[in-house]
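This report refers to the structure that appears directly beneath it.
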Amino acid sequence: MPDVAEILIPLALDTAYSYVVPEGLRLAEGDVVQVPLGPRETVGVVWGLAQTAGGSNLRPVTGRVDAPPLSEPLRRLVDWIARYTLAPKGSALAMVLRLPDEAAARETARVGVRVSGKAPTRATPARRKVLEAAADGALHGKSALAKAAGVSLSVVDGLIDDGALEAVAVEPEAVAPPPDPDHPRVPLSDAQEAAALELIAGPGKALASPGEGNARVSGSALQPVEPAAPGPVLLEGVTGSGKTEVYFEAVAHCVRAGRQALILMPEIALTAQFLDRFAARFGVRPAAWHSGVGGRRRERLRAAVAAGEARVVVGARSALFLPFRQLGLIVVDEEHESAYKQEDGVHYHARDMAVVRGRLEGCPVVLASATPSIESRVNAERGRYRHVRLPERFGGRRLPDIRAIDMRLDGPERGRFLSPPLINAIKANLAAGEQSLLFLNRRGYAPLTLCRACGHRYRCRNCSTWLVEHRFRKALVCHQCGYAEPRPQACTECGTFDNLTACGPGVERIAEEVSELFPDRRIIVLSSDFPGGAERLRMELDAVAAGECDIVVGTQLVAKGHNFPHLTLVGVLDADIGLTSGDPRAAERTFQLLQQVTGRAGRGERPGRALVQTYQPTHPVIAALLSGDAERFYAEEVAAREAAGLPPFGRLAALIVSAAEREAAEAQGQALARVAEPPPGAMVLGPAEAPLALVRGRYRFRLLVKTERNVDLQSYLRDWLARAPKPRGSVRVAVDVDPQSFL
DNA sequence: AGCACGCCGACT
DNA sequence: GTCGGCGTGCTC
C-alpha cells in the first residue's frame, strides 16, 4: 500500500490535497514539501499521513523543502483560525508560512571595505576624501563611507576596482542577541513586585511568604525556575503605573526558564523608545518584527525564531504566526487596541488569537492595558481570565487633573476651534517652557467641503461618505476607501470659481490656527498620513518624546503606546467625536481613547493637566472621564449593552454584496431584505434607517451573531443560509469575535 | 495565487 | 472576422 500524504497548500483552498509519497522519502506531519499543482510546483505542508489502497491516480510529492517544520501547536492554530474565521485553511496557513521571497534571497550580503595599503593609480580629490575617511584602517560600510566622505557610491566602487580599497563580506549583525534576564535594573515598587509575582506564579502566590516582607520576583521566592502559570491574565494598570516593567519580569522569568517570549504591540507603538526601554532592562534591544523589517533580515529573524535562538521577539500582530520553537509567554500590550484587528484577507483579532495560541502552546498570555476592552474586562470579572491590577501610578506620580471646557459657554470665535480657556492654558504652558498636545481625532484639513454657490457637497464615488480635504496634498480624500481627487478650482457641479468652503476642523486646520496664534513655536502634526511613511513617523514620534517640539497636534495615534515625558498639557479638541456614530463600541472606544490621551499629561512627579472641549459635559462617557471613575463606566456600559440586547461579546458576520448584485436583486423585488430578519440570536448592526453601508463599491451588511459558548459559527450560519434563499454575495466573518467560545 | 476557459466590445 | 476585457472555476 502506498503512503499518501495530505498536503495543505497556502492558497485559498479549504481542504488538503492527497499526494503519493515516493519511495525513499520519509515525511512527518508539519514537514514543508514541494508538490505539483496544475501546471506548476508549489510548497505545502504535510497535514496528515496515511496508508491507503489505491490512490494510484495521485501525483507524487516532489520532495522536502529545506525549511523548519511547522510545530504541532502551530498547525492546530491554523486549523483553529480557519474554522473560527470561516477562512479557507490554506489562507490561514499562508499567514504562517510566508516563505522566503526571491527578492530576499537575491539580496546581496553586506559588504564592508577597508584600505588595502595599495595607493590608487589615480588620486582625484573625491578619492582622497574617501581614503582620508577610511584612513583608520577599520572596516567601513560602503554607503556609510561614501556619505562620510561626501561623495557618491561610485567613487568607493572605483577605488575597490582599483585595488586601493578591499571589499570584505561582513558577518551581518546578530538579529537576536540574547537578552539578559538578570541585567541590573531599577528596583520595582512593592505594588509592581506583587503584580509581577502574581503574573508569574499564579493567584495567591504573591502572598505566599508574608513573613519575609516583600518577596522579590528575582529573589529566592521563584527559584529554581519553573514555568509560569499558563492561561490568560489581564494586567490592568492605570497609565504610568509601570505595567511594562511588570510584564518585563514575566519575560525575564520566561527567558530564565529557557523558553521564548513574544511581546505583541500595535504596529505604531513599536518605536525606538520602547526598544530602548527593553534594552535598559535586558541589556540588548529585542528582535523586532514589523512591516518595516524586510528582506534578508526578516528571513534571518524567522530562522532564528524557529531555531529557538531568538529568545524574545517584539512584534506587530503578524508576529503571532512566527514559528516559535518553544513559546513560553505571550504579552499583548495595549490589549484594547483596534489595530489588533486584521480586516482584510483572513479576518482575525490578534489578541484573541494570542489567547488561542497560548492555550495550544500551554503558556501564559498577558493582556496588558490601562483601559481594557469590555470583553477582556468581563472575562476577567467572570473568572475566565486571571486579573492582576496596578491601581496606582509609579513613583508617586499623580493622575492628571482633567477639566471640561463647556463649548456652549466658552466656545471659540466663529471659524476658530480653540476655546479661550484652552488658548490661555497653552500660553501658560509655553511660558513655562513645557510641551503641549492638542488632540483631535480627525485627519486632514476639513471633514466636509461644499460649494457656497450651489451647496454641492463633495462625496465619495464608491462610499457613502464625505470627501475630506487634505490641504497638504491638495486633494479631497475618502477616508473609507482611499479614493482621492485633486481639489477642484471651480465647483464641479455649478462651475463657480473659488467658492468652495471647508467645514469643520481636521488636524491640519488646527495646526494652521495654532501657527497663527504662536508663529514662532515648533509645531508638528502627527497623523497616519504623515509624509514619509511609517518609518519616518516612528522617528518623529521619538523626536517628540525627546522634547524636540513645543506643540503637537495629533490624531489618535498620539494616544497609542507612547510616552511623551515632556508633555504637561493635553487639550482634547472635540471630545464628542465618535459618540454619535452607530457603532455599538462607540462609547467604549471614546472612553479608552480619551483616557489614554489625557493620561499622557504629566511629568515626573508633577501631575499634568488635561482640558477637554465638549458640548456634552454630562454625557456618561465624558462624565466618567472627568471623574476618573473607570469602574463605573465599565459597569454601566456592560449593563447598557445587556439592556439593548447586545452582548459584551459577539462575532460579526459580514455579508458582502456588490452594488450590481444589490440592484439586480432589488429589480426583482428581492431587495436582500431577508437580512433585516436575521435568525434568532443574530442581529443586524448599523443604523436602522440605513442597514447598508456602501464601502469600496460594495454594500456591506454586518450581522452581529450572538453565539452560545462553543457554538460553531460556521454551521450556525450555514443552517441559517440553508433556510433562507441563497444570498448573493459572500458571507465572511469579521473580527469582533467571542472569546467565550474558545475557552 | 496562477492559469485556464468563456463570453461580449473595438480594431489590424 | 480576431484581440482582449476580467468573471468563474479548478488545481490532489
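From a predicted model like this one, the values you see are computed outputs, not experimental measurements. Below, chains carry the letters A, B, ... as their sequence lines are ordered, and counting in each starts from 1.
In this model, a donor atom of one side chain and an acceptor atom of the other lie less than 3.5 Å apart for A:Glu267 and A:Ser291.
Partners of A:Phe530 according to the ring pair (Phe, Tyr, Trp, His ring centres under 6.0 Å) rule, which considers only residues two or more places apart in sequence or in another chain, do not exist here.
In this structure, A:Arg59 places its CZ atom 9 Å from C1' of C:dT11, rounding to the nearest Å. Rounded to whole angstrom, the span from the CD atom of A:Glu41 across to the C1' atom of B:dG2 amounts to 14 Å. Between A:Tyr17 atom OH and C:dC10 atom C1' the separation is 7 Å, expressed in whole Å. Between the P atom of C:dT11 and the CG atom of A:Asn57 lies a distance of 12 Å, rounded to the nearest Å. Summarising the geometry, the separation between CG on A:Leu93 and P on B:dA1 is reported as 13 Å, rounded to the nearest angstrom. Summarising the geometry, the separation between NZ on A:Lys89 and C1' on C:dT11 is reported as 18 Å, rounded to the nearest angstrom. In this structure, A:Ile9 places its CD1 atom 13 Å from C1' of B:dG2, rounding to the nearest Å. Rounded to an integer number of Å, the gap from A:Leu11 CG to B:dA4 C1' is 15 Å.
Distances were taken from every side-chain heavy atom of A:Pro39 (C-beta onward) to each of B:dA1, C:dC12, B:dC3; the shortest belongs to B:dC3.
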(message) Using the rule given for salt bridge (Lys or Arg N to Asp or Glu O under 4.0 Å), can you reason through A:Arg75 versus A:Glu72, listing the C-alpha separation, both sets of side-chain angles and the distance that settles it, and then say yes or no?
(response) CA-CA 5 Å; A:Arg75 293 192 320 268; A:Glu72 154 91 22; 3.3 Å; yes

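If you take CD on A:Gln342 and CE on A:Met95, they are separated by 7.5 Å, rounding to the nearest 0.5 Å.
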